[in-house]
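First comes the structure, then the notes that go with it.
Chain identifiers are assigned alphabetically (A, B, ...) following the order of the sequence lines, protein sequences preceding nucleic acid strands; residue numbering begins at 1 within each chain.
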Protein chains: 2
Amino acid sequence: MKTPILESATRLFARMGYAGTSVQAIADAVGIKKPSLIYWFPSKEALREAVIDDLLSRWNEVLPKVMVAAQGGQDRFQRTLTEVLRFFEEDPDRARLLMREMLDHPDEMQRRLELTLRPWLALVSEYIRLGQRQGRVRPELDPEGWTLNITVLALGTIAAGSVFDQVVGSDGPADFRRRQLDELVRTAHSSLFLDRPASAGAPQESR
Amino acid sequence: MKTPILESATRLFARMGYAGTSVQAIADAVGIKKPSLIYWFPSKEALREAVIDDLLSRWNEVLPKVMVAAQGGQDRFQRTLTEVLRFFEEDPDRARLLMREMLDHPDEMQRRLELTLRPWLALVSEYIRLGQRQGRVRPELDPEGWTLNITVLALGTIAAGSVFDQVVGSDGPADFRRRQLDELVRTAHSSLFLDRPASAGAPQESR
DNA sequence: CCTACCGATCGGTAGG
DNA sequence: CCTACCGATCGGTAGG
């Protein structure tokens, strides 16, 4: 979030939604008057576009990191997933905002995600297909389907926040989100790789 | 959706959001005047509550079906997941509405989901633990975490609709959502069960 | 970046 | 279920 206006707008749009946030509310959060805000951003709609431009450009900053993570062979999976999770955990408002934009403007988001996600998805899928040729990744897996599913799962889990914290019984009243995210990593791992031939006692990789 | 009012309100709240839907817009969709709508539902807020009451009560109608599906041993997994997917696919607005409510009113939804989901989650988790004792389900899997993750994934994928359709490259311009949902089932299956000992050639179960 | 202001729409009421 | 109406708030402009 570069400017204070963009910062407040992002936070409010993510938490209250675009229609649920008035220009007045953003101005109040920033500490200026409404017409002053309209001076910097000519309309509420322009502010919305700036907010999601900012969000998607930050996703694009993550891409290079993932590319770098493409060096080592085996932990490429771990590093990529970690990067995606970090992106949303670093600021859960990103997940909320993306989810809201997909709901509010599906057609626009379809266009924007095509540009933003396609190169990344193609790269990750290529690695997965390589793993399939090497016999390490499950052959029946759909690389694009799997990758987007894990991404949607990360997005949804983090956007949902603590809504599920009380759904589990008496055993774990504490931070259930951590459990969900740990299980996400385990699910991603075990649904991606073929189990090892049976040499060791099927231990799990370190996280 | 019993009444026409509830039907239109559900549709509009799901697609435009609560704040993005005016009472006037709902009245127009129904074909009555605004004060007439306020006669049946004393406030917009009352209408929202009725809409999500209706949605969650329909989820509760699914519960018995899942209980019944608890007869056969092996395909219990398949039937339960199919039921959850059917619930959202039958009317994608359910997924959108739930997602929006989790974003708009996280505290209220936390309370409501505790009541609605807890018995269902406890039952499914119990079956999973049984499978773990029988050595069919992966021992390191977190039953509650896994179940909620798969549910969130179904919710998110269906709420997202066709936003990802253009993200895949040239190969499949057609219905990518189907691929995503098929891969969801495969991911759920392979992350839940231990792979078979190695007798057959690791075929996949029929769907 | 501000004060002053505008037409349109908001959720909701009065009264029948 | 309607007509008529209300105060409050909406996004945005004029003019400095």
Side-chain angles (χ1 to χ4, degrees), chain A residues 1-55 93 96-98 100-109 112, chain B residues 1-55 93 96-98 100-109 112:
Chain A
M1 327 305 171
K2 222 153 281 177
T3 76
I5 293 178
L6 221 47
E7 202 165 341
S8 293
T10 300
R11 182 185 163 90
L12 285 168
F13 286 163
R15 290 169 138 83
M16 323 290 272
Y18 178 78
T21 303
S22 63
V23 175
Q24 183 67 63
I26 301 168
D28 287 350
V30 177
I32 59 177
K33 299 297 178 183
K34 192 171 55 161
S36 307
L37 200 157
I38 289 297
Y39 167 77
W40 297 105
F41 294 89
S43 70
K44 188 188 180 186
E45 178 61 20
L47 191 47
R48 185 187 67 85
E49 280 165 26
V51 162
I52 91 139
D53 280 352
D54 178 72
L55 172 57
D93 282 343
R96 298 187 187 112
L97 197 66
L98 276 176
R100 284 189 187 276
E101 281 298 315
M102 294 193 303
L103 292 167
D104 289 346
H105 308 277
D107 291 349
E108 185 197 338
M109 280 308 272
R112 301 210 59 157
Chain B
M1 327 306 173
K2 222 153 283 179
T3 76
I5 292 177
L6 222 49
E7 201 165 341
S8 293
T10 300
R11 182 185 163 89
L12 286 169
F13 286 163
R15 290 170 138 84
M16 321 290 272
Y18 177 77
T21 303
S22 63
V23 175
Q24 183 67 63
I26 301 169
D28 288 349
V30 177
I32 59 177
K33 299 297 177 182
K34 192 171 56 160
S36 307
L37 201 158
I38 289 297
Y39 167 77
W40 297 106
F41 294 88
S43 70
K44 189 187 179 186
E45 178 61 21
L47 191 47
R48 185 186 69 85
E49 280 165 27
V51 162
I52 90 138
D53 281 352
D54 177 72
L55 172 58
D93 283 343
R96 300 189 186 110
L97 197 66
L98 276 177
R100 284 190 188 277
E101 281 298 315
M102 293 193 304
L103 292 166
D104 288 346
H105 308 278
D107 290 350
E108 184 197 338
M109 280 307 273
R112 302 210 57 159

B/Ile38 has an atom CD1; how far is it from atom P of D/dA4, in whole Å? 19 Å
Could you state the atom-to-atom distance from CD of A/Gln24 to P of D/dA8 in whole Å? 15 Å
Atom-to-atom span, CG of A/Leu47 to C1' of D/dC10 - whole angstrom: 15 Å
Nucleotide of D/dC10, D/dC1, C/dC10 approaching B/Trp40 most closely (side-chain heavy atoms): D/dC1
May I ask you to decide whether A/Arg100 forms a salt bridge with B/Asp104, counting only side-chain N to carboxylate O separations under 4.0 Å? yes
Note: A/Ala9 and A/Val51 closest approach over all heavy atoms is CB-CG2, 3.9 Å
Could you state the interatomic distance from CH2 (A/Trp40) to CG (A/Leu47), rounded to the nearest 0.5 Å? 13.5 Å
Using a 3.5 Å cut-off on both pairing distances, which stems of three or more Watson-Crick or G-U pairs include DNA chain D? C:1-16 with D:1-16
Atom CZ of residue position A/Arg11 - does it have more than 12 heavy atoms of other residues, nucleotides or ligands inside 6.0 Å? no
Which whole-number value in Å describes the distance from B/Asp28 CG to C/dG11 P? 12 Å
A/Ile32 side chain, from C-beta outward: closest of C/dC1, D/dC1, D/dC10: C/dC1
Please report, rounded to the nearest Å, how far the P atom of D/dA8 is from the NZ atom of B/Lys44. 19 Å
Hey, which sits more toward the 5' end of DNA chain C by its nearest nucleotide, B/Ser43 or B/Tyr39? B/Ser43
State whether the side chain of A/Lys34 and the backbone N or O of A/Ile26 hold a donor-acceptor pair below 3.5 Å, judged by distance alone. no
From the set D/dA4, D/dG11, C/dA4, return the single nucleotide nearest to any side-chain atom of A/Pro35. C/dA4
Is any NZ, NE, NH1 or NH2 atom of the basic residue among A/Arg15 and A/Asp93 found under 4.0 Å from an Asp or Glu carboxylate oxygen of the other? yes
Rounded distance in Å - CD1 (A/Ile26) to P (D/dC10): 11 Å
State whether A/Ser22 places a side-chain N or O below 4.0 Å from either non-bridging phosphate oxygen (OP1 or OP2) of D/dC10. yes
In whole Å, what is the span from the NZ atom of B/Lys34 to the P atom of C/dC10? 7 Å
Got a second to check how far A/Ser36's OG is from A/Phe41's CZ, nearest 0.5 Å? 13.0 Å
Can you tell me how far P of C/dG12 sits from CD of B/Glu45, to the nearest Å? 9 Å
